[in-house]
Amino acid sequence: MASEDGKDHRLARISSSIRVIPDFPKPGIMFQDITTLLLDHKAFRDTIDIFVERYREKNISVVAGIEARGFIFGPPIALAIGAKFVPMRKPKKLPGEVISEEYALEYGTDKMEMHVGAVQPGDRALVIDDLIATGGTLCAAVRLLERVGADVVECACVIELPELKGREKLGHRPVFVLVKG
Amino acid sequence: MSACKDREQDPRIEGIASSIRVVPNFPKPGIMFQDITTLLLDPKAFKNTVDLFVERYTGKDITVVAGIEARGFIFGPPIALAIGAKFIPLRKPRKLPGEVISEEYVLEYGTDCLQMHIGAVHPGDRALVVDDLIATGGTLCAAIKLLERAGAEVVECACVIELPELKGRERLNGKPLYILVESR
């Protein structure tokens, strides 16, 4: 967790900038809305800075961002640390050759795709999304990267919903988050 | 207005243009798809792309950068962060939680809809609209309308790529367009 590094002053503002919307997308779900964080320039800036400070000396060569909110946080981090940015997308969005990984939803399955050739064996990768819930989407992203020979160094999210045990789904792999919901 | 047409083309443009991959017959036969994912794999080209926009908009009192889902989410936030503006995602229907306003726009067959959060933008906000590419201008036009309905002044639209033959520039409610690369 980020607070162990003594960054409490930034985290309080980041945490309070996140808006909770009840019953979205369906009754009973308390949706963690990061769009209000994006409206607070200092909170957004601090969010990126905390990730960049953590990863800049770690020789990360790839930042993989999960569609769509991972596209908001991933690129600023990639730019700051000099890494490639690779979008991980829903089916049929990426043109050209892709590899796919299916993953389970509450009801049914979905698929995540990555471009063939975007990532090479030996690439050191970070996976970014706004939030980790069950870990299903992150797990699919990690599998895609590992299938092409990348070393997934860590998964990084702004928010974790610990009760959904996403960390367990990711096995031994490290997960870094700023805020627990 | 475009960085590629300025009398002395910025030296960074060539690297940006050559990093973009064209994929034929995607999403359907006859379309030459301008794929910016290869630009994102080139950290120097990606940094130069963002820098060109940031240099243009720094000091222009832009308070809002609105990015169009999904590739506008890649280019918009780095610009917003660098110039000190809010970032606002403009999304397909039913993605944004809470109260939204919607703007319908025409597709080749049928219509689609773009949504923005109520309260994200205020009267007096000076806005930039960002997307990876302008084709017919339909999506950008819907974005401009959403921002203006909320009382913002749309200062400019900014895209990496323009497909000039599709005349999107003419469909922006008179708003100026700034691009880096033209694709014919």
Side-chain angles (χ1 to χ4, degrees), chain A residues 19-25 29-49 61-65 67-87 89-90 92-98 114-115 117-120 123, chain B residues 21-27 31-51 63-67 69-89 91-92 94-100 116-117 119-122 125:
Chain A
R19 172 172 77 155
V20 179
I21 305 263
D23 302 321
F24 183 90
I29 306 231
M30 301 295 280
F31 188 88
Q32 304 282 326
D33 180 18
I34 50 89
T35 65
T36 41
L37 185 164
L38 308 175
L39 295 177
D40 179 343
H41 175 256
K42 184 167 186 352
F44 188 18
R45 175 85 263 153
D46 286 345
T47 300
I48 299 301
D49 284 352
S61 54
V62 172
V63 173
E67 167 164 22
R69 290 181 289 263
F71 287 9
I72 295 173
F73 296 98
I77 297 167
L79 285 161
I81 68 176
K84 304 185 279 197
F85 178 74
V86 174
R89 298 210 68 172
K90 298 276 158 106
K92 299 187 284 290
K93 303 288 187 79
L94 289 170
E97 266 203 288
V98 298
M114 179 175 80
H115 264 141
V119 171
Q120 270 75 54
D123 264 325
Chain B
R21 173 174 77 156
V22 180
V23 181
N25 303 313
F26 184 89
I31 306 229
M32 302 294 281
F33 188 88
Q34 304 285 322
D35 181 18
I36 50 87
T37 64
T38 43
L39 185 163
L40 306 175
L41 293 178
D42 180 344
K44 194 156 183 9
F46 188 17
K47 181 182 187 313
N48 287 341
T49 299
V50 173
D51 285 351
T63 55
V64 171
V65 173
E69 169 163 20
R71 289 181 290 264
F73 289 8
I74 295 174
F75 296 98
I79 298 168
L81 286 163
I83 68 176
K86 304 184 277 197
F87 177 73
I88 291 176
R91 298 209 68 172
K92 296 283 160 92
R94 296 176 296 282
K95 302 292 186 73
L96 289 171
E99 275 200 289
V100 297
M116 180 173 82
H117 264 141
V121 164
H122 305 116
D125 265 325

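Computed from a prediction, not measured in an experiment: that's the story for all the values here. Below, read A as the first sequence line, B as the second, and so on, with proteins coming before strands; counting in each chain starts at 1. The analysis underlying the following values was restricted to heavy atoms, covering all of them including side chains, and did not include hydrogens, waters or symmetry mates.
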*Among A:Asp40, A:Ile48, A:Thr36, A:Ile21, which has the most heavy-atom pairs under 4.5 Å with chain B?*
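The option with the most such pairs is A:Ile21.
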Pairs of heavy atoms under 4.5 Å with chain B: top-ranked of A:Arg45, A:Glu67, A:Lys92, A:Arg69:
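Between A:Arg45, A:Glu67, A:Lys92, A:Arg69, the count favours A:Arg45.
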Q) How far apart are the closest heavy atoms of B:Ala80 and B:Phe87, and which atoms are they? A)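 Distance-wise, the nearest heavy atoms are CB-CB, 4.0 Å.
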[X] versus chain A, the contacting section by heavy-atom distance below 4.5 Å:
| X | result |
| --- | --- |
| B:Lys95 | backbone |
| B:Leu41 | both |
| B:Pro89 | side chain |
| B:Arg21 | side chain |
| B:Val50 | side chain |

Beyond-backbone contact of [X] with [Y], side-chain heavy atoms, under 4.5 angstrom:
| X | Y | answer |
| --- | --- | --- |
| B:Ile36 | B:Thr49 | no |
| B:Gln34 | B:Val22 | yes |
| A:Pro87 | A:Leu94 | yes |
| B:Ile88 | A:Leu39 | yes |
| A:Asp33 | B:His117 | yes |

Which atoms of [X] are under 4.5 Å from chain B, going by heavy atoms: the side chain, the backbone, both sets, or neither?
| X | result |
| --- | --- |
| A:Lys42 | neither |
| A:Ala83 | backbone |
| A:Pro95 | both |
| A:Leu37 | neither |
| A:Leu79 | side chain |
| A:Phe31 | side chain |
| A:Ile72 | both |
| A:Phe24 | side chain |

Among B:Gly76, B:Pro78, B:Gly84, B:Gly119, which has the most heavy-atom pairs under 4.5 Å with chain A?
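The candidate making the most pairs under 4.5 Å is B:Gly84.
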request  = Could you check which of B:Ala70, B:Pro77, B:Gly72, B:Pro97 has the highest count of heavy-atom pairs closer than 4.5 Å to chain A?
outcome  =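 Top count of heavy-atom pairs under 4.5 Å with chain A: B:Pro97.
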What's the spacing between A:His41 NE2 and B:Ile83 CD1 if we round to 0.5 Å?
->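 One finds 8.5 Å between NE2 of A:His41 and CD1 of B:Ile83.
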Backbone N/O of B:Ala120 and side chain of B:Lys86: donor-acceptor pair under 3.5 Å:
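Yes, B:Lys86 side chain to B:Ala120 backbone: donor-acceptor pair under 3.5 Å.
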Heavy atoms of other groups near A:Lys93 NZ, more than 12 under 6.0 Å:
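Yes, enclosed.
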Margin query: Test: salt bridge (charged side-chain N to carboxylate O under 4.0 Å, His left out). Region: residues 70-81 of chain A. Which pairs qualify, not counting sequence neighbours?
Written below: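 Applying salt bridge (charged side-chain N to carboxylate O under 4.0 Å, His left out) to every pair that reaches into residues 70-81 of chain A, excluding sequence neighbours, yields nothing.
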Quick one: are the ring centres of A:Phe73 and B:Phe73 less than 6.0 Å apart?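 No; B:Phe73 has its ring centre 6.0 Å or more from that of A:Phe73.
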